[in-house]
Amino acid sequence: MKRLKYYLKQKKYLVLFISVLALSGAIVGLYLGITNIEFLKEDVLYYTSHINNQSYNYILFHFFAVVISIVTSFFAIGIPLLCTLLFYEGMTVGFLIGIFSVTYGISGTLFACCFLIITKLVYFIILLFLFSKCLKIARKMIGKYIYKTDPSIIVSHLLKGCICLTGMLLIYDGFLYLFGSKIITLLSFLL
């Protein structure tokens, strides 16, 4: 925990940028969730009545999104892709809070917040570290082409960190796949 605090202090502008990006997405998602509730209310009620049959399999989506972001960061395209991914994830957070709070009120908001802590918090933390590493990779690769420097040692170190983060993400998604529905079912008393 102490190391995480130190890292966040060192990267405060990056954390601020990512937070603003995710918060902007959350505001857009909240607006979309609240304004489209008439179309979605039946789906929300169906989801909550069948909550014990749900499966949370994000493994393939997260894996391919992260791998594509890492690979494209060597060409500096990965940074806008990660920005889009962070905005999208923020939008899903706002959307989920919006539809559950309008459908179920305060208890729906509590359920949505608990659901998001379980399913998204670790993912956001991994994306924060991944964004930092991919940004460094993109800067080093741009430096290679503009200033003719040799970033191979630093880039290989950053790439190892990205592979480690991808492994952590796969473990987390595997945990959600195996135990996510059981944990979410325990929280269904909030609805």
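Taken to the nearest 0.5 Å, the CZ atom of F17 stands 9.0 Å off from the CG atom of L135. In this structure, CG on L130 lies 13.5 Å from CZ on F124, to the nearest 0.5 angstrom. Here the SG-CD1 distance, from C113 to I118, works out to 11.5 Å after rounding to the nearest 0.5 Å. Separating the CG atom in L110 from the CG atom in L187 is a distance of 10.5 Å, to the nearest 0.5 Å. Separation of atoms CD1 (I126) and NE2 (H62) is listed at 9.5 Å; rounding is to 0.5 Å. Atoms CE and OG1, from M91 and T84 in turn, are 10.5 Å apart once rounded to the nearest 0.5 Å.
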Quick one: do E89 and Y123 satisfy side chain to side chain contact (heavy atoms under 4.5 Å, CB included)? Show the steps, please. CA-CA 9 Å; E89 290 297 330; Y123 183 54; 3.4 Å; yes
Using the side chain to side chain contact (heavy atoms under 4.5 Å, CB included) rule, take C134 and I79 through it: C-alpha gap first, then chi angles, then the decisive distance, then the call. CA-CA 7 Å; C134 287; I79 303 307; 4.0 Å; yes
Carefully, step by step, assess F61 and D173 under the rule side chain to side chain contact (heavy atoms under 4.5 Å, CB included). CA-CA 10 Å; F61 174 73; D173 284 339; over 6 Å; no
Does the side chain to side chain contact (heavy atoms under 4.5 Å, CB included) test come out yes or no for V66 and L165, once each step is laid out? CA-CA 9 Å; V66 166; L165 287 171; over 6 Å; no
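Annotation: side chain of I142 is not in contact with side chain of F75 (no heavy-atom distance under 4.5 Å). A heavy-atom distance below 4.5 Å is not found between the side chains of L30 and F95. Put simply, the side chain of F175 reaches to within 4.5 Å of the side chain of I183, judged on heavy atoms.
Under a 3.5 Å cut-off, the side chain of T109 and the backbone N or O of G105 do form a donor-acceptor pair.
Under the 4.5 Å side-chain heavy-atom criterion for grouping Ile, Leu, Val, Met, Phe, Trp and Tyr, L16 is not connected to L128 through any hydrophobic cluster. Residue Y31 is grouped with residue V28 when hydrophobic side chains (ILVMFWY) are merged at heavy-atom distances under 4.5 angstrom, including chains of intermediate members. Hydrophobic clustering (side-chain heavy atoms under 4.5 Å, transitive across Ile, Leu, Val, Met, Phe, Trp, Tyr) keeps F39 apart from Y46. Cluster annotation: L170 is connected to L85 through the hydrophobic network of ILVMFWY side chains, with a link wherever side-chain heavy atoms come within less than 4.5 Å. No chain of hydrophobic side-chain contacts below 4.5 Å, direct or via other Ile, Leu, Val, Met, Phe, Trp or Tyr residues, connects L23 to L86.
Heavy atoms only, all atoms of each residue included: I137 and L159 are closest at CD1-N, 4.4 Å. Across all non-hydrogen atoms, the minimal contact from F87 to S24 is CE1-C, 3.7 Å. Of all the heavy atoms in S73 and I70, the pair that sits closest is OG-O, 2.6 Å. Residues K133 and C162 share a closest heavy-atom pair of CB-SG, 3.7 Å. Shown here for T72 and S69, the closest heavy-atom pair between the two residues is OG1-O, 3.3 Å. Closest of all the heavy-atom pairs between T35 and L32 is OG1-O, 3.4 Å.
Few gaps surround OH on Y104; more than 12 heavy atoms of other groups in view lie less than 6.0 Å from it.
For F115 and Y56, the distance between ring centers is under 6.0 angstrom.
Ring planes of F100 and Y47: perpendicular class, angle over 60° (limits at 30 and 60°).
In this model, no donor atom of one side chain and acceptor atom of the other lie less than 3.5 Å apart for T119 and Y58.
Exactly one residue among T48, I37, L40 makes a side chain to side chain contact (heavy atoms under 4.5 Å, CB included) with T103. That residue is I37.
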